[in-house]
Amino acid sequence: MFCYYLIMNEEISNIRVRFAPSPTGPLHIGGVRTALYNFLFARKHKGTFILRIEDTDQKRFVPGAEKYILDALNWCGLTPDEGPDMGGEKGPYRQSERKEIYLSFAQQLLESEHAYYAFDTPEELDEMRNKMKASGVLSPTYNSITRSSMQNSLTLGMDEARKRIDSGDSYVIRIKMPRNQEIKFNDKIRGWVSVNTNHIDDKVIYKSDGMPTYHLANVVDDYLMEITHVIRGEEWLPSAPLHVFLYQCFGWSSKMPVFSHLPLILKPDGNGKLSKRDGDRLGFPVFPLNWRASDQNEIFSGYKEQGFYPEAFVNMLAFLGWNPGTEQEIFSLSDLISEFSLDRVGKSGSKYDYEKTKWFNQQHLRLKSDSEIFETITELDNSIVEKFSREYILQVISLVKERAIFDLDILKEGSCFLFNEINFDDSAVNKKWNPAFIPHLKSLSDKLFAINEFAEKNIERVFHDYLQQHNLGLGKIMPMLRIATTGRLAGPSMFRSLEIMGKEKMLNRITEAIDTIKNG
RNA sequence: GGUCCCUUCGUCUAAUGGUUAGGACAUCAGGUUUUCAUCCUGAAAAUAGGGGUUCGAUCCCCCUAGGGACUACCA
């Protein structure tokens, strides 16, 4: 009985998903969302979340990109179960380290006549395409028609092809797409998708540099790594039929993963896929973490450095294309895990909304306790703990919390409490500082200073009594009191502010304000 | 151009044949507040168009329009 219970409890499903970025640059929010959905799906079903680095294109390799990917994933809390750094049974997890594997699979396709050698140079390919365009073909491709007039093992014969290979000619291996065949697959998000092979070209699956292309590597690795569900961006939808065909060629149809093609994240203005440059153009980050390209000084800003909480960032991302079907919008990562379902992922692209992202951060900030915020703001500025007690800082946090979207706002909004020097805001002074009322401000401050128990309620009472006695309007003296004690015209409750700051500081600041503003 | 995918308020979306088409962000108005912010209340705001199927279509089918992705020895 005990054993049975244990087994039930530790049972893990065999669901395996992978996030497969290529290290050609920093991961942008679309990529992070893909990783998130994979992660959520894996966790929800007690499956395995795998990171696989698709670095088959050596020309586009960017140093630091892989580390960035892992750092970004970790910051979001999306740590892979298997991957290049954490290992796993189905490794290695970098395609460049799996190089030898692919050739034998390409050869398998050659032997079954699903693929062939091709010797056409890039120049010859260009020429072919140009010629065809000139003769009215709108989208020339290397396909079942054109391959018969190109240099390949189909036209040359296998013996001749081998000779050329042996003599050192460079070659690629292309898939031999059959004529007029429907390829269908059932996408979890889109339903049945069907394409005729006449519209698919003879894609290169093995490059002349000895590396596979994405298509081959991806299918082979998904098979070898026993991936059960492929969750990726919609940009892969057009090549999915090729991948399905590859499974068929290998005889792996029964092991074919379930495909889910995610809708794209679109630019907030106009249309099109959100891209690298949109962020700085429109004033928001498109990357999770700051990224500096090694060859240039340009820095692309990241959500982390802008002060976003990873949980808010992840919450926002989850809602770009998915919703729980209830009216709840604020979710922690573990809430998302229990609620997530591919069935509730939409089909259409979503425009990114930075305002709503900030709102998510504000909501998550409010969920945090004052002492959690204490931890983060003292990380931001350690000097405050040297100057003030924890108790005092906690009071300031609770006072200004509702005014903040980011942790940094707490520091800004609370600056008059947390830093000894205050700056008098010029426009506030110009607007409301009336020297004629300085005598009143002075005697009011004496009255306030004389309060025994310097607490909000008492301060308020004394303040109002003073106004009444001298027949003064609130609008005359209150703004001056606020400017003198906080430097600004806007802020949280005046009386509570004074209580927290204490009567000594209040008096000093009023005196100082009267001096400096008069003289300034 | 071709292939494939998509189409509900400005934006993210709910409602899978019967709802006054719901919520959130943003916007606007009122209230609370010394102020700004918060908060509360309210307003404005959508089924792309046209045909079917049906007693009844946001929902199913077709066409049109619009948008997007892909169209490399890139992923």
Side-chain angles (χ1 to χ4, degrees), chain A residues 20-24 54-57 59-60 95 118 120-122 125-126 129 133 136-142 170-174 187 189-191 193-196 198-201 203-209 211-215 217-218 232-241 261 263-264 266 268 270-273 316 319-330 344 346-360 362-363 366 400-405 409 413 428 432 460 463-464 467 473-479 481-482 488-495:
Chain A
S22 62
T24 53
E54 308 231 330
D55 55 351
T56 51
D57 187 359
K59 293 187 288 287
R60 292 209 307 159
Q95 289 182 330
D120 317 279
T121 62
L125 254 19
D126 270 354
R129 285 190 261 256
K133 266 185 194 164
V137 179
L138 291 152
S139 52
T141 55
Y142 206 118
S170 78
Y171 68 95
V172 299
I173 299 173
R174 286 182 181 271
D187 189 280
I189 294 174
R190 287 153 209 285
V193 175
S194 168
V195 179
N196 189 291
N198 290 352
H199 301 300
I200 307 175
D201 58 343
K203 280 263 181 304
V204 171
I205 55 171
Y206 196 83
K207 299 185 276 185
S208 58
D209 65 357
M211 276 290 201
T213 60
Y214 172 86
H215 307 292
N218 184 265
R232 76 224 305 191
E234 192 187 312
E235 66 268 29
W236 295 109
L237 196 51
S239 51
H261 288 95
L264 266 15
L266 275 15
N271 287 304
K273 192 158 75 155
M316 171 278 291
F319 270 73
L320 235 40
W322 170 86
N323 79 86
T326 64
E327 290 189 351
Q328 185 184 347
E329 291 196 272
I330 301 305
R344 298 205 63 89
K347 296 176 179 180
S348 52
S350 6
K351 288 188 184 178
Y352 177 73
D353 183 350
Y354 187 51
E355 290 307 313
K356 189 124 189 190
T357 305
K358 287 193 283 191
W359 177 79
F360 273 112
Q362 182 183 41
Q363 298 304 307
R366 287 176 188 188
V400 300
K401 194 173 174 180
E402 67 181 25
R403 311 171 61 78
I405 292 174
D409 294 334
E413 290 291 328
K432 292 287 180 181
E460 185 170 6
F463 178 85
H464 280 116
L467 292 194
L474 199 68
K476 300 288 181 200
I477 207 77
M478 180 71 96
L481 178 61
R482 188 180 283 282
R488 305 194 309 167
L489 217 41
S493 161
M494 184 76 266
F495 306 115

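Within every chain, numbering begins at 1; the chains are lettered A, B, ... in the order of the sequence lines, protein sequences first and strands thereafter. The analysis underlying the following values was restricted to heavy atoms, covering all of them including side chains, and did not include hydrogens, waters or symmetry mates. In this text, all values refer to a predicted model and were calculated from it rather than measured experimentally.
No engagement by N198(A) is indicated, since no non-hydrogen atom pair under 4.0 Å with the nucleic acid exists. Among the atoms of the strands shown, base atoms are found under 4.0 Å from some heavy atom of S139(A). Using a 4.0 Å heavy-atom criterion, one finds that V172(A) contacts the bases of the nucleic acid, with or without backbone contacts as well. Here T56(A) lies in heavy-atom contact (under 4.0 Å) with sugar-phosphate atoms only. Residue contacts shown for K273(A) are limited to sugar-phosphate atoms, with no base heavy atom under 4.0 Å away. Contact annotation for P268(A): no contact, since no heavy-atom pair falls under 4.0 Å across all strands. Contact annotation for G491(A): base contact, defined as any heavy-atom pair under 4.0 Å involving a base atom. Residue contacts for G346(A): at a heavy-atom cut-off of 4.0 Å it reaches no nucleic acid atom on any strand shown.
The pair R60(A)-D57(A) meets the salt-bridge criterion, with a side-chain N (NZ, NE, NH1 or NH2) lying under 4.0 Å from an Asp/Glu carboxylate O. Comment: E413(A) engages R488(A) in a salt bridge, judged by a side-chain N to carboxylate O separation of less than 4.0 angstrom.
Taking 3.5 Å as the limit, the base of C5(B) and the side chain of R190(A) contain no donor-acceptor pair of atoms between them. At a cut-off of 3.5 angstrom, counting only N and O atoms as typed in the model, there is no donor on one side facing an acceptor on the other between the side-chain of S348(A) and the base of C6(B). Counting distance only, with no hydrogens placed and no angle test, the side-chain atoms of R488(A) and the base atoms of U35(B) include no donor-acceptor pair under 3.5 Å. The base of A26(B) lies outside donor-acceptor range of the side chain of K356(A), with no N or O pair under 3.5 Å.
Pair assignment for A14(B) gives none, since no Watson-Crick or G-U wobble pairing has each distance under 3.5 Å. Summarising the base pairing, U53(B) is matched to no nucleotide, lacking a Watson-Crick or G-U wobble pair whose two defining distances lie under 3.5 Å. Pairing for A45(B) is absent, judged as Watson-Crick or G-U wobble with the two contacts each under 3.5 Å. When both distances must be under 3.5 Å, the Watson-Crick or G-U wobble mate of C39(B) is G31(B). Under the Watson-Crick or G-U wobble criterion, with both distances below 3.5 Å, A65(B) is paired with U7(B).
The distance from atom CZ of F319(A) to atom P of C25(B) is 12 Å, rounded to the nearest whole Å. Taking atom CZ on F463(A) and atom P on U35(B), their separation rounds to 12 Å, with Å as the unit. Nucleotide U8(B) holds its P atom 12 Å from the NZ atom of K347(A), rounded to whole Å. In this structure, the CG atom of L264(A) is 15 Å from the C1' atom of U7(B), given to the nearest Å. For the pair D55(A) CG and C74(B) P, the interatomic distance rounds to 13 Å; values are reported in whole Å.
Of the candidate nucleotides C5(B), U13(B), U38(B), C5(B) has the atom lying nearest to any side-chain atom of E234(A).
Each of E235(A) and M478(A) was assigned the nucleotide of RNA chain B with the nearest heavy atom; the assignment lying further toward the 5' end belongs to M478(A). For E460(A) and P238(A), each mapped to the nucleotide of RNA chain B holding its nearest heavy atom, the one lying further toward the 5' end belongs to E460(A).
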Any chance you could lay out the side chain to side chain contact (heavy atoms under 4.5 Å, CB included) test for L474(A) and H464(A), step after step, and finish with the verdict?
-> CA-CA 8 Å; L474(A) 199 68; H464(A) 280 116; 3.9 Å; yes
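Side-chain contact between P324(A) and F319(A) is present, with at least one heavy-atom pair separated by less than 4.5 Å.
Closest non-hydrogen pair, D120(A) versus Y142(A), comes out as OD2-OH, 2.6 Å.
For the pair R366(A) and C39(B), the criterion of a side-chain N or O lying under 4.0 Å from OP1 or OP2 is met. Remark: K59(A) is in phosphate contact with C74(B), judged by side-chain N or O atoms under 4.0 Å from OP1 or OP2. Within the 4.0 Å cut-off from OP1 or OP2 of C73(B), at least one side-chain nitrogen or oxygen of R174(A) is found. Proximity of N323(A) to the phosphate of U13(B): no side-chain N or O atom is located under 4.0 Å from OP1 or OP2. In terms of phosphate contacts, T213(A) brings no side-chain nitrogen or oxygen within less than 4.0 Å of OP1 or OP2 of C74(B).
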